[in-house]
Number of protein chains: 2
Amino acid sequence: MALKRLTRQRKAVLEVVKRAHNHPDAAWIYQEVRKVVPKVSLGTIYRTLEALVEEGYLIPITKAGEATRYDANLHPHLHLVCQGCGAIVDLEVDLPDLLTPVQEAYPQLEVREVEVAYKGLCPTCKAALKG
Amino acid sequence: MALKRLTRQRKAVLEVVKRAHNHPDAAWIYQEVRKVVPKVSLGTIYRTLEALVEEGYLIPITKAGEATRYDANLHPHLHLVCQGCGAIVDLEVDLPDLLTPVQEAYPQLEVREVEVAYKGLCPTCKAALKG
DNA sequence: CTCACTGCAAAACGTTTGCATTGAT
DNA sequence: ATCAATGCAAACGTTTTGCAGTGAG
C-alpha cells in the first residue's frame, strides 16, 4: 500500500476518534465527521478506519453480531463490556501468561495469541442495580 | 417458550451437528441437512440452532466478521482458531482465575464473565510450515 | 500531472422476520 | 383440532466494493 495522503476526511476521522470517550463505532464516527465534512460517505469512514488500524493509530474492538468499535487508547489494556448499557470500560490489569500453559499442553499446536474479554456491569449500572 | 416438537428438521440438525467434527456454521449445516430434508430452509436452520443453543445442546462459537459456528462438545473447554486454515481446535486446559484479579482491581465494577480465545496454527498447518 | 482518495450507490454477508401453510401432538 | 414449526422471501445491519470524478502531492 502506498503512502497515505492527509485529506480533510482523514484528519476529521482521526480527531473524532481521538476525542471520543465512548469507543465509538463507524456509524457514530460518521455522524460526527459529517458535522465537519458534511458530504463524507460511510464508505470513506470505513476505508479510513481500516487504514488507521493498519497504521496502528486505532485498535478495533470486535464483537460478533455488533458493529466494530474503535479505541484510540493504544496502551495495552483489556475491555469489559457492560451488560447493562453496552459501554466499554478500559481495564489496566496484568494477567498471568496464558499462552505458555496451552503451548506446553499442546506442543503440536503453535499458540500465537490470546484474546481476553470481560463482561459485567459498569460502575453506573452496578450502582443503579443496588442502592 | 413452549415445549419443543421433535420434527424431522430438528432431528436432522441435531444429528448433523453432533456428527460434525468441524465446528460447522449454519451454511454448512444447511447443506448437510438438505441431503436428508431437501426442502429445509435456512431460516429453519437458524431457528433450530438458536433453540438448541437455548436448550443447552450446542455451544455457539462467535467471532466478529465470521459466521457463528456450533460445537456439540459440551465439556467446558476453550478454542484455538487456526490462522492457516480456519479450523477450530478444542483445548482442554485449566486456566488461572481471571475474574478475581480484575474484580479486586476494579471494585466499582461488577465483573461477571471472561472470554478467552486463542489464535495460532493447528497441527497440520504448523507441520506444513516447517519440514 | 498523477493517482490516491473520494462520494455514491449497489451489493455482499450472515442473520432475522412476517406471513400463510403444514404437520406433530 | 391446535398451534408450534416450517418454507419462502423480503428485510435487516454492518461492511465492502465498483466506478467515475476530485483533489493532495
Side-chain angles (χ1 to χ4, degrees), chain A residues 1-17 20 22-55 57-71 81 86 88, chain B residues 1-17 20 22-55 57-71 81 86 88:
Chain A
M1 183 162 289
L3 265 180
K4 298 291 189 292
R5 291 178 179 173
L6 190 54
T7 59
R8 291 171 53 230
Q9 293 84 343
R10 192 149 296 175
K11 277 186 211 165
V13 170
L14 236 176
E15 290 231 334
V16 161
V17 184
N22 10 3
H23 302 86
D25 62 12
W28 190 93
I29 296 164
Y30 175 49
Q31 300 301 338
E32 288 300 308
V33 172
R34 275 215 292 191
K35 295 176 183 172
V36 180
V37 189
K39 293 178 73 80
V40 77
S41 72
L42 238 195
T44 293
I45 300 293
Y46 276 105
R47 282 185 279 233
T48 303
L49 288 170
E50 183 188 27
L52 294 173
V53 168
E54 271 176 16
E55 292 163 27
Y57 293 116
L58 296 178
I59 293 171
I61 308 173
T62 65
K63 190 162 180 294
E66 297 190 14
T68 300
R69 297 165 69 164
Y70 296 87
D71 196 341
V81 179
I88 292 182
Chain B
M1 186 164 289
L3 265 179
K4 297 292 189 290
R5 290 176 180 174
L6 190 54
T7 59
R8 290 170 53 232
Q9 293 85 343
R10 190 150 297 175
K11 278 185 210 166
V13 170
L14 237 176
E15 290 230 336
V16 162
V17 184
N22 12 4
H23 303 86
D25 62 14
W28 190 92
I29 296 164
Y30 175 50
Q31 300 300 338
E32 289 300 307
V33 173
R34 275 214 291 191
K35 295 175 183 173
V36 181
V37 190
K39 293 178 70 81
V40 75
S41 72
L42 198 45
T44 293
I45 300 293
Y46 275 106
R47 280 186 279 233
T48 304
L49 288 170
E50 182 187 28
L52 293 174
V53 168
E54 271 177 15
E55 292 162 26
Y57 294 115
L58 296 177
I59 293 171
I61 309 173
T62 65
K63 191 163 180 296
E66 298 190 14
T68 299
R69 297 165 70 164
Y70 296 86
D71 196 341
V81 180
I88 291 182

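In what follows, chains are A, B, ... by sequence order, proteins preceding strands, each numbered from 1. Owing to the predicted nature of the structure, the values given are computational and were not obtained by experimental measurement.
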Would one find a side-chain N or O of B:Gln9 under 4.0 angstrom from OP1 or OP2 of C:dG23? no
Expressed in angstrom and rounded to an integer, what is the separation of B:Arg8 atom CZ from D:dA5 atom P? 16 Å
Establish, with yes or no, whether the OP1 or OP2 oxygen of D:dT6 is under 4.0 angstrom from a side-chain nitrogen or oxygen of B:Arg47. no
Give the rounded distance in Å between these two atoms: CD1 of B:Ile45 and P of C:dG14. 15 Å
Let me know the distance between NZ of A:Lys63 and C1' of D:dT15, rounded to the nearest Å. 18 Å
Which part of the nucleic acid, if any, lies within reach of B:Leu42 when heavy atoms closer than 4.0 Å are counted: base, sugar-phosphate only, or nothing? base
When you measure from the side-chain N and O atoms of A:Thr7 to the phosphate of C:dA4, is any distance below 4.0 Å, counting only OP1 and OP2? no
Checking contacts here: which listed nucleotide (D:dA24, C:dG7, D:dG7) is nearest the side-chain heavy atoms of B:Val37? D:dG7
In whole angstrom, give the distance that lies between atom NZ of B:Lys11 and atom C1' of C:dT25. 13 Å
Between the side chains of A:Glu32 and A:Lys35, is the shortest nitrogen-to-carboxylate-oxygen separation below 4.0 Å, so that they form an ion pair? yes
A:Glu50 CD to D:dT15 P, straight-line distance once rounded to whole Å: 12 Å
If I take atom CD1 in residue A:Ile61 and atom C1' in nucleotide D:dT14, what distance separates them, rounded to the nearest angstrom? 17 Å
Of the nucleotides D:dG7, C:dG7, D:dA5, which has the atom closest to the A:Thr44 side chain? C:dG7
Within the pair A:Lys39 and C:dC8, is there a side-chain N or O less than 4.0 Å away from OP1 or OP2? yes
Return the 5'-most residue of the pair B:Leu6, A:Thr48 with respect to DNA chain C, ranking by each residue's nearest nucleotide. A:Thr48
Please determine, for the side chain of B:Tyr46, which listed nucleotide (C:dT16, D:dT6, D:dT15) has the closest atom? C:dT16
Show the numbers, then the answer: is there a side chain to side chain contact (heavy atoms under 4.5 Å, CB included) between A:Thr7 and A:Thr48? CA-CA 10 Å; A:Thr7 59; A:Thr48 303; over 6 Å; no
Apply the test side chain to side chain contact (heavy atoms under 4.5 Å, CB included) to residues B:Arg34 and B:Tyr30: give CA-CA distance (whole Å), side-chain angles for both, the deciding distance (0.1 Å), then the verdict. CA-CA 6 Å; B:Arg34 275 214 291 191; B:Tyr30 175 50; 3.5 Å; yes
Between C1' on C:dG14 and CH2 on B:Trp28, what's the gap in Å once rounded to a whole number? 18 Å
Are any of A:Arg10's side-chain N or O atoms less than 4.0 Å away from OP1 or OP2 of C:dT6? yes
Figure out the CD/C1' separation between A:Glu66 and C:dG14, and round it to whole Å. 15 Å
For A:Arg69 and A:Asn22, indicate whether the former's side chain and the latter's backbone hold a donor-acceptor pair under 3.5 Å. yes
For B:Gly43 and for B:Ala67, find the nucleotide of DNA chain C with the closest heavy atom, then tell me which residue's nucleotide is more 5'. B:Ala67
When you check the phosphate oxygens OP1 and OP2 of C:dG14, does a side-chain N or O of B:Thr68 lie under 4.0 Å from one of them? no
Approximate separation, where rounding is to 0.5 Å, of B:Leu49 CG and B:Thr44 OG1: 10.5 Å
